[in-house]
There are 2 protein chains.
Amino acid sequence: MDNRENLLDIALSLFSQRGYEGVGVQEIVETAGVTKPTLYHYYDSKRGLLDTLLKREEGRLLSSVLQASVYKRDIVYTLENIVRAYFDASKSHPDFYRMQIAMLFAPPESDSHLAILPFVSQQYEIIEEVFIQAVQDHGNLRGRHKRYASGFLGTINAMIGLSLEGELDLTKELVYLTVHQFLHGIFS
Amino acid sequence: MDNRENLLDIALSLFSQRGYEGVGVQEIVETAGVTKPTLYHYYDSKRGLLDTLLKREEGRLLSSVLQASVYKRDIVYTLENIVRAYFDASKSHPDFYRMQIAMLFAPPESDSHLAILPFVSQQYEIIEEVFIQAVQDHGNLRGRHKRYASGFLGTINAMIGLSLEGELDLTKELVYLTVHQFLHGIFS
DNA sequence: ATAAGAATATACCGATCAGTATATAAAGTC
DNA sequence: GACTTTATATACTGATCGGTATATTCTTAT
């Protein structure tokens with residue numbers, strides 16, 4: 001009966017279904033079986049609740065991506081690790097992953113976007129660094145790290161998007177196929 | 001002084017900055033210099049206003065994508081046309097394109113998502129059909145049209161995303177690079 | 001000129017928004 | 001047992017939400 005933690009769980013579930021802006025504080029506390037002052041005792045605002053929630057959930061994903069992104073002079077191996085990290089994250093916490101994407105593409109000035117941006121930016125920078133490191137072994141990648149990091153994440157999210165709609169399974173083969181297609185194109 | 005049309009323009013500008021759900025009817029009419037009954041004289045609800053707006057804006061994009069997607073047994077040519085169509089759309093109406101993406105990734109039950117879904121689905125199906133057609137000339141593409149359509153659009157939107165953040169220019173070269181990378185990978 | 005319809009405004013509706021003032025209960029500390 | 005801190009509830013605030021009842025003006029057709 002930990003109200004503090006329970007409120008986070010309830011909020012995650014509601015936010016991922018209908019969005020941060022689309023869920024009222026009243027609904028959160030009612031679903032959790034408490035009243036408003038209880039929520040405002042633990043968190044100083046609705047936004048504060050969201051920030052705490054994101055810190056908890058993003059921490060897991062971020063450390064997973066960070067671990068997968070260590071470049072040991074094998075670009076195929078590293079990229080496969082990254083794809084696997086993202087696929088695993090979206091499989092074990094699909095609601096949260098959906099919410100992360102929705103918040104990223106929310107209007108630039110919205111609380112949603114502003115709250116998620118630092119976390120997603122970190123992810124992006126970690127991936128970008130891989131392509132920067134890879135230049136030492138693949139000179140022709142030089143100067144294109146922005147495009148590659150963005151395109152790679154775009155491809156990953158396209159696959160995850162399909163799987164969230166039930167159109168696709170995030171299998172081991174798909175990890176290989178995704179990386180292979182990114183590196184060698186759809187013709188090879 | 002066409003209030004009917006002017007309300008659409010104002011709504012587009014406000015919605016693309018702060019989202020459909022984030023903008024009140026009051027603000028729309030105040031910015032347009034009219035009052036609520038005027039808006040409700042022309043449109044039967046806030047959602048009706050959005051639907052009319054989307055029909056007007058998406059019509060342009062959709063016909064442009066449709067025209068670019070005629071497959072004449074040259075996959076490179078067709079894909080370049082498609083990328084060009086999207087780049088042009090986002091360059092000439094960046095606000096609207098940003099709004100389209102935000103609405104697509106909005107929570108599944110939200111008005112935003114439900115309103116944009118049919119239009120984006122049409123775009124997706126058009127692209128998917130290209131990859132289905134291309135099988136007649138490139139047999140190894142068979143059965144992968146969902147993944148390819150989604151991945152291709154994901155790549156396009158990744159590039160547009162970078163350009164909307166000012167990180168990239170949607171040049172003619174980038175049209176070529178995007179298609180070439182999709183077909184042959186980043187190694188070639 | 002007059003009637004009819006379209007276009008607009010003033011002023012309001014109930015519901016919901018995030019947040020709080022105040023009081024009370026429970027738990028831990030001395 | 002007395003006191004303090006933590007945790008909770010009742011009941012409220014002003015602002016904003018989408019939408020409307022009613023009245024008036026403007027335009028057009030007869």
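Sequence lines set the chain letters: A, B, ... in the order given, protein chains first and strands last, and positions in each chain run from 1. Since we're looking at a predicted model, the values are computed, not measured.
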### Message
Rounding to an integer number of Å, can you tell me how far Arg4(B) CZ sits from dT8(C) C1'?
### Response
14 Å
#### Entry: From CA spacing to verdict: side-chain contact (heavy atoms from CB on, under 4.5 Å), His138(B), Ile75(B)
CA-CA 9 Å; His138(B) 310 273; Ile75(B) 186 71; 3.5 Å; yes
### Message
Quick check: on DNA chain D, is the nucleotide nearest Gln26(A) upstream (toward 5') of the one nearest His41(A), or the reverse? Name the residue that is more 5'.
### Response
His41(A)
### Message
We want to know whether Ser112(B) and Glu21(B) form a side-chain donor-acceptor pair, criterion being a heavy-atom distance below 3.5 angstrom.
### Response
yes
### Task
Look at the side chain of Lys36(B) and the base of dG19(D), then say whether one donor and one acceptor between them are separated by less than 3.5 Å.
yes
### Task
Using atom CG of Leu39(B) as one end and atom P of dG19(D) as the other, report the distance to the nearest whole Å.
9 Å
### Atom pair distance, as rounded to whole Å: CG in Leu14(A) and P in dC17(C)
12 Å
### Message
Please compare Tyr40(A) and Pro37(B) by the position of their nearest nucleotide in DNA chain C and report the one closer to 5'.
### Response
Pro37(B)
### Query
Does Ser45(B) place a side-chain N or O at less than 4.0 Å from the phosphate oxygens OP1/OP2 of dG18(D)?
no
### Message
Tell me the interatomic distance from Glu5(B), atom CD, to dA7(C), atom P, rounded to whole angstroms.
### Response
13 Å
### Query
Under the 6.0 Å and 45° cation-pi test, does Lys91(B) pair with Tyr86(B)?
no
### Query
OP1 or OP2 of dA7(C) sitting under 4.0 Å from any side-chain N/O of Asn3(B)?
no
### Query
Under 3.5 Å, is there a donor-acceptor pair between the Gln123(B) and Glu58(B) side chains?
yes
### Task
Considering just the side-chain nitrogens and oxygens of Thr35(B), establish if one lies under 4.0 Å of OP1 or OP2 belonging to dT10(C).
no
### Query
Between dG19(D) atom P and Asp111(B) atom CG, what is the distance in whole Å?
9 Å
### Task
Describe the nucleic acid contact of Val23(A) in one word from base, sugar-phosphate, nothing, applying a heavy-atom distance below 4.0 Å.
sugar-phosphate
### Length of the CD-C1' vector between Glu30(B) and dG18(D), whole Å
14 Å
### Task
Compute the ring centroids of His93(A) and Tyr97(A), then answer whether they are less than 6.0 Å apart.
no
### Task
Return the value, rounded to whole Å, for the distance between atom CD of Glu21(B) and atom C1' of dT16(D).
16 Å
